[in-house]
Every structure is written in structure tokens, then in C-alpha cells.
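Notes for the one structure printed next.
Basis for what follows: all heavy atoms, side chains included, without hydrogens, waters or symmetry-related copies. Just so you know, these numbers come straight off a predicted model, no measurement behind them.
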Amino acid sequence: MIQKYFILLIFSFQILASCDKKSDDYRFEEITSYFITKHDYLVGDNTKAIFVLTSIGCKPCNKKFSELMITNQYAQNDIVYLIKASKNIIDLSDYKSYSGTVFYDFTYEDNIFDGSKVIFINNKKIDTIVNIEALTLEESFSYIKDKLQKK
């Protein structure tokens with residue numbers, strides 16, 4: 001019981017930490033600059049979320065996150081998938097048949113895309129960042145599903 005409250009507390013801090021508006025403006029600029037420079041893609045008004053899949057961190061968590069991404073294909077015009085995971089660690093073959101917006105980048109850079117996460121965007125601003133981590137995996141998945149179903 002205490003463990004559930006501890007996990008909920010950690011998850012709550014993650015969400016609150018993503019609410020710093022000054023750094024969020026910078027981070028949104030970092031996102032738009034990255035996509036224009038690397039992929040010649042403009043993160044537009046209708047972009048609701050960016051799913052970032054990497055090989056960094058908890059490997060089983062990243063595999064489950066990849067499964068979530070493939071099995072829950074949300075409104076494909078609103079979601080961008082950025083795959084930064086190694087195909088040697090995570091099976092990426094299902095993304096070939098995904099008809100939504102998918103970008104691949106196998107280089108490592110220390111930036112906003114340095115770990116698996118979902119970046120929710122609202123009115124060309126970062127709304128929430130949900131990091132994919134072992135301690136909060138199930139809560140994160142529930143939050144992601146709920147947030148995307150409301151949009």
C-alpha cells in the first residue's frame with residue numbers, strides 16, 4: 001500500500017516538474033528546431049503528442065512502451081512517433097506498416113529526446129511530459145491513454 005502511494009507521489013512530481021513555463025517555451029523551440037533541421041517537418045497546430053522511443057534506460061519498459069505505441073494507434077494526424085531505439089534491442093518492424101507520422105534518428109544527442117517519453121502539446125506549447133520509467137510504468141500508460149482519449 002505504501003509502495004503505491006510512493007509511486008503515485010513520484011509520478012505527481014514528474015507531472016509538476018513539466019509545468020515550468022519558461023523552460024517549456026525553450027523546450028518547444030528545441031522540438032520544432034529539431035524536427036525542421038533533422039526531418040524537414042513542421043510540428044503544427046494539430047500535433048497533440050510526440051511519442052519518443054529510445055533504447056536508453058529500462059529495456060523491458062521501452063519494449064512495453066513500443067507495444068503501447070503500435071497497439072494503440074491514436075488519431076494518426078495528431079501524433080508523431082520519433083524512433084531513436086536500436087533495432088537490435090527493440091523490434092521496430094511493426095513501424096514499417098504504421099501509416100502515421102514516424103521519424104527515425106539513431107544518433108544520440110543530449111536533448112529533450114534523450115529518453116523514452118510522451119510529450120503532450122497544446123497550442124504550440126508543451127502541456128505535459130510523461131517519462132517512461134520502471135517505477136511509474138503502469139500509471140504512465142494509464143495517464144497517456146486517458147489524455148489521448150480526451151483530445
Next on the checklist: Apply side-chain contact (heavy atoms from CB on, under 4.5 Å) to residues Tyr104 and Leu82 and explain how you reach the verdict.
Outcome noted: CA-CA 6 Å; Tyr104 297 90; Leu82 177 60; over 6 Å; no
Item to check | Worked check of side-chain contact (heavy atoms from CB on, under 4.5 Å) between Phe103 and Ile83 | outcome: CA-CA 6 Å; Phe103 296 104; Ile83 310 298; over 6 Å; no
Item to check | Stepwise side-chain contact (heavy atoms from CB on, under 4.5 Å) check, Lys147 with Asp127 | outcome: CA-CA 11 Å; Lys147 188 141 176 96; Asp127 178 44; 2.5 Å; yes
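Side-chain contact between Thr32 and Thr47 is absent, with no heavy atoms from C-beta onward closer than 4.5 Å. Counting heavy atoms from C-beta on, the side chains of Leu53 and Ile90 come closer than 4.5 Å. In this structure, the side chains of Asp40 and Phe35 stay at 4.5 Å or more apart for every pair of heavy atoms.
For Lys38, the salt bridge (Lys or Arg N to Asp or Glu O under 4.0 Å) partners at least two apart in sequence or on another chain are Glu109. Residues passing the side chain to side chain donor-acceptor pair (under 3.5 Å) test with Ser66, sequence neighbours excluded: Tyr95. Under the rule for a side chain to side chain donor-acceptor pair (under 3.5 Å), the partners of Lys124 that lie at least two apart in sequence or sit in another chain are Asp45. Residues meeting the side chain to side chain donor-acceptor pair (under 3.5 Å) test with Thr107, sequence neighbours left out: Asp105.
Clustering ILVMFWY residues whenever any of their side-chain heavy atoms sit less than 4.5 angstrom apart, transitively, puts Tyr26 in a cluster other than the one holding Ile36. Hydrophobic clustering places Tyr98 together with Leu68 (ILVMFWY residues linked when any side-chain heavy atoms are closer than 4.5 Å, directly or through intermediates).
A side-chain donor-acceptor contact under 3.5 Å links Ser97 to the backbone of Asp94.
Side chains of Ser116 and Thr54: a donor on one and an acceptor on the other come within 3.5 Å.
Within the structure, the salt bridge (charged side-chain N to carboxylate O under 4.0 Å, His left out) test picks out the following pairs touching residues 111-120 (sequence neighbours left out): Asp114-Lys117. Within the structure, disulfide (SG to SG under 2.5 Å) pairs that include any residue of residues 36-67 comprise Cys58-Cys61 (at least two apart or interchain).
Cation-pi geometry between Lys48 and Phe120 is not met at under 6.0 angstrom from the ring centre and within 45 degrees of the axis.
By the 6.0 Å contact criterion, CG on Asn46 is enclosed, its count of non-hydrogen atoms from other residues, nucleotides or ligands being greater than 12.
Among Tyr41, Phe113, Phe65, Phe51, the one residue that satisfies the ring pair (Phe, Tyr, Trp, His ring centres under 6.0 Å) test with Tyr81 is Phe51. Tested against Ile112 for a side chain to side chain contact (heavy atoms under 4.5 Å, CB included), the candidates Val52, Ile50, Ile126 yield a single pass: Ile126.
Residue Val118 comes nearest to Ala49 through the heavy atom pair CG1-CB, 4.1 Å, listed as atom of the first residue, atom of the second, then distance. Minimum heavy-atom separation, Asn62 to Ile56: ND2-O, 3.0 Å. For the residue pair Thr101 and Ile79, the shortest heavy atom distance occurs at CB-O, 4.0 Å. The nearest pair of heavy atoms linking Ser55 to Ala85 is OG-CA, 3.2 Å.
Note that the CD atom of Glu133 and the CD atom of Glu139 stand 11.5 Å from one another [nearest 0.5 Å]. The CZ atom of Arg27 lies 12.5 Å from the CD1 atom of Ile121; values are rounded to the nearest 0.5 Å.
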